[in-house]
Amino acid sequence: MFRLIKTLNRIALIKATVAALLVIVVVFAGSRNLQNYDAALIGYLFGTVFAVFGIAYRYSVWLQRPPTRLYWRRSWEFLLSKDFVPYATRSLKLFFRNILFQRFIYPRGKTRWIGHFLLATGCLIAFAVTIPLTFGWIHFTLDPDSDTTYIANFFGFPVSTFQLGSPMAFAAFHALVWCSVLVTIGAVMMMKRRMTNGGLIATQTFDGDWLPLILLIAISVTGLGISYDYTFLQGRTHQFMAVIHAITVILFLIWMPFGKFFHIFQRLAQLGANIYKVEGSRRGMAKCPHTQQEFASQTHINDLKDVTKDLGFDFTLEDGRSHLDFSPEGKRSALAKAHFQARKEGGHFFG
Amino acid sequence: MPNTKYDQQMEFFVDMQRCIGCHACEMACAECETNGQESMIHIHYVDRASTVQTTVQVCMHCEDPACANVCPADAITKDEFGVVHTANSSRCIGCSNCVLACPFGVPQKQEQAELMMKCNMCYDRTSAGKKPMCATVCPSQALFYGTREEIQKMRPNSTPVKKFVFGQQEVNTKVNIMMPKGSTELKIH
């Protein structure tokens with residue numbers, strides 16, 4: 001146990017602890033010292049605090065890797081430059097396009113995009129609904145002057161009212177039902193891919209690829225079970241439904257920092273990579289000594305020379321240039337030429 | 001990875017002097033299901049202005065892959081058989097670090113999909129005990145997949161080499177390049 005603690009990354013541990021404590025602080029602030037907190041959600045809150053700790057820890061360790069650190073540093077440097085407005089606008093557009101709509105998946109496959117979009121949209125809406133509830137930021141009260149008017153309170157302040165039985169009430173109280181349907185359809189589509197695509201069958205793993213889908217379906221089905229129970233069974237099985245749903249959600253939260261779901265947080269780096277590419281092109285392109293064609297930004301090549309050195313690689317050539325100055329085609333040609341020369345010197349081209 | 005029949009006695013041997021530029025490997029590569037029907041093999045003229053020599057390049061599956069090391073998203077992994085897999089599509093952020101850092105110029109960036117893809121030695125086939133697509137169709141055996149004994153019998157005047165020198169950097173690979181007999185390494189620069 002002591003050895004485990006000693007191997008923990010100190011910086012990441014501090015950041016993760018601060019992030020977890022911040023969550024507790026905002027829970028106290030949002031629920032007005034827990035007076036508006038729904039005690040039935042406490043299990044979910046513990047799971048969320050653990051997830052925040054784990055995600056912050058892994059994210060911090062991840063950012064310490066030389067290539068990630070470089071992208072992180074460069075992304076903020078370029079974003080917070082004199083070109084803040086165009087880069088912020090570009091990032092915002094890309095956030096909608098690539099994070100919320102995941103359009104980059106479309107060229108990888110139409111059905112794949114539809115499946116991913118459905119399950120991601122279901123998950124994101126569900127997060128948007130459940131996190132404020134779990135944190136005690138939102139709670140509902142009855143209007144004292146009317147027993148059919150519901151008041152939604154945010155941080156203890158009334159923000160909207162609606163009539164019980166109104167379409168608005170129906171939509172709000174069933175938001176997670178719609179999310180469950182989206183997630184289930186999406187997850188089933190992704191499962192079908194994994195059962196029929198030969199490439200995926202060869203490379204997939206249970207914990208890396210199947211478990212996330214199984215967990216999402218388990219959460220959705222058990223969540224629908226709660227609605228089914230109070231709609232058709234007069235709440236007779238509520239305790240069973242509530243407990244089994246809580247178990248699946250808490251398992252999901254605990255596993256979030258370790259498994260595939262971490263890509264939700266990593267994906268944001270795609271925005272930084274895009275700014276890096278644009279700013280790099282603006283600063284000037286590198287020309288391959290072999291093909292005489294521009295192939296990447298000079299900033300990227302220079303940064304890669306530093307990163308590879310940090311990682312223990314040294315592609316410096318005898319004449320002071322670097323193998324990294326060559327484009328991919330230039331590198332392949334250099335290898336072919338060296339092979340030709342070796343064969344020539346060996347006296348047989350076809351040994 | 002799931003249960004596999006990956007045969008570790010089988011190795012990949014490349015001899016680019018034997019490449020006749022027929023592009024059969026390129027067509028065959030697109031049949032590999034792990035690539036999503038995209039051809040990952042590189043075949044092109046070396047220096048079209050002065051020679052008709054063509055070259056063919058598959059992923060060399062480095063022991064310490066530069067592509068995986070420079071990946072900011074931890075998307076590239078090497079398995080227990082030494083196969084360096086194409087980018088995990090849920091993680092890859094399409095930054096091109098791997099494309100530019102690979103000393104052999106192998107990874108390709110699919111711009112539209114913002115995804116890096118590369119040869120993973122036809123893992124759908126090799127993990128089932130079959131040969132990679134490119135090696136099964138190469139008419140001149142510039143690409144050969146078989147045992148070390150087989151290649152020694154076929155090419156008695158050549159030695160398979162898996163050590164490459166790029167300036168200060170030495171790179172060891174899983175894939176071999178056929179060199180003059182007695183060679184121990186190929187110095188590129």
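Atoms considered below: every heavy atom in the structure, side chains included; atoms not considered: hydrogens, waters and symmetry mates. Given the structure is predicted, the values throughout are model-derived calculations rather than measurements. In what follows, every chain begins at residue 1, and chains take the letters A, B, ... in the order their sequences are listed.
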- With chain B, which of Ala296(A), Pro107(A), Gly347(A), Gly312(A) has the greatest number of heavy-atom pairs at distances under 4.5 Å? Pro107(A)
- Note on the structure: Taking every heavy atom of Ile93(B) against every heavy atom of Arg267(A), the minimum-distance pair comes out as CA-NH1, 4.0 Å
- Note on the structure: Between Leu186(B) and Ala342(A), the two heavy atoms sitting closest are CD1-CB, 4.2 Å
- Message: Heavy-atom cut-off 4.5 Å, strictly under: side chain, backbone, both or neither for Ala273(A) against chain B?
- Response: side chain
- Which bit of Asp319(A) is near chain B, if near means a heavy-atom gap under 4.5 Å: side chain, backbone, both or neither? neither
- When the ring planes of Phe315(A) and Phe166(B) are compared, do they come out parallel, tilted or perpendicular, using 30° and 60° as the limits? perpendicular
- Could you please spell out the steps behind the side-chain contact (heavy atoms from CB on, under 4.5 Å) verdict for Leu304(A) and Asn97(B)? CA-CA 7 Å; Leu304(A) 261 184; Asn97(B) 262 10; 3.9 Å; yes
- Message: Could you walk me through whether Leu311(A) and Val70(B) satisfy the side-chain contact (heavy atoms from CB on, under 4.5 Å) test, starting with their C-alpha distance in whole Å, then the side-chain angles of each, then the deciding distance to 0.1 Å, before giving a yes or no?
- Response: CA-CA 8 Å; Leu311(A) 292 163; Val70(B) 299; 3.9 Å; yes
- Message: Is Arg65(A) close to chain B through its backbone or its side chain, or both, or neither, when contacts mean heavy atoms under 4.5 Å?
- Response: side chain
- Item | Residue pair Tyr71(A) / Pro72(B): nearest heavy atoms and the distance that separates them | CD1-CG, 3.8 Å
- Item | Over all atoms of both residues, closest heavy-atom pair of Ser127(B) and Ala202(A) | OG-CB, 4.2 Å
- Query: Contact part of Ala334(A) toward chain B, heavy-atom cut-off under 4.5 Å: side chain, backbone, both or neither?
  - Reply: both
- Which of Glu318(A), Gln266(A), Lys260(A) touches chain B most, by non-hydrogen pairs under 4.5 Å: Gln266(A)
- Query: Looking at Ala336(A), Gly330(A), Ser322(A), which one has more heavy-atom pairs under 4.5 Å with chain B than the rest?
  - Reply: Ala336(A)
- Task: I would like to know whether Phe313(A) and Val171(B) meet side-chain contact (heavy atoms from CB on, under 4.5 Å); could you show each step before the answer?
- Result: CA-CA 9 Å; Phe313(A) 292 91; Val171(B) 175; 5.7 Å; no
- For the candidates Asp124(B), Thr34(B), Val46(B), which exhibits the highest count of non-hydrogen atom pairs separated by less than 4.5 Å from chain A? Val46(B)
- Here the gap from Asp15(B) atom CG to Phe350(A) atom CZ, rounded to the nearest 0.5 Å, amounts to 8.0 Å
- CA sep, side-chain torsions, deciding dist, call: His339(A), Met179(B), side-chain contact (heavy atoms from CB on, under 4.5 Å): CA-CA 8 Å; His339(A) 186 247; Met179(B) 291 281 287; 3.6 Å; yes
- Pick from Arg69(A), Arg332(A), His263(A), His300(A): which one has the most heavy-atom pairs with chain B under 4.5 Å? Arg332(A)
- For chain A, the option from Ser90(B), Cys92(B), Pro156(B) that forms the most heavy-atom pairs under 4.5 Å: Ser90(B)
- Task: Would you mind telling me which of Ile264(A), Asp310(A), Leu317(A), Leu324(A) has the largest number of heavy-atom pairs within less than 4.5 Å of chain B?
- Result: Leu317(A)
- Message: Other residues, nucleotides and ligands only: do more than 12 of their heavy atoms fall within 6.0 Å of CD on Glu111(B)?
- Response: yes
- Query: For the candidates His44(B), Lys181(B), Arg18(B), Gln110(B), which exhibits the highest count of non-hydrogen atom pairs separated by less than 4.5 Å from chain A?
  - Reply: His44(B)
- Query: Are Ser183(B) and Arg343(A) linked by a side-chain donor-acceptor pair shorter than 3.5 Å?
  - Reply: no
- Item | Portion of Glu329(A) that has a non-hydrogen atom of chain B nearer than 4.5 angstrom | both
- Look at Lys277(A) together with Glu114(B) and state whether they make a salt bridge at an N to O cut-off of under 4.0 Å. no
- Message: How close do Lys331(A) and Pro103(B) get, counting heavy atoms only, and between which atoms?
- Response: CB-O, 3.6 Å
- Note on the structure: All heavy atoms of Asp314(A) vs all of Gln169(B), minimum pair found to be N-OE1, 2.7 Å
- Note on the structure: Of Arg103(A), Gln270(A), Arg108(A), the largest count of non-hydrogen pairs under 4.5 angstrom with chain B goes to Arg108(A)
- Item | Evaluation steps, ring-ring contact (aromatic ring centres under 6.0 Å, His included), between His189(B) and Phe326(A) | CA-CA 12 Å; His189(B) 293 287; Phe326(A) 288 78; 5.0 Å; yes
- Message: Does any backbone or side-chain atom of His290(A) lie under 4.5 Å from a heavy atom of chain B? Answer side chain, backbone, both or neither.
- Response: side chain
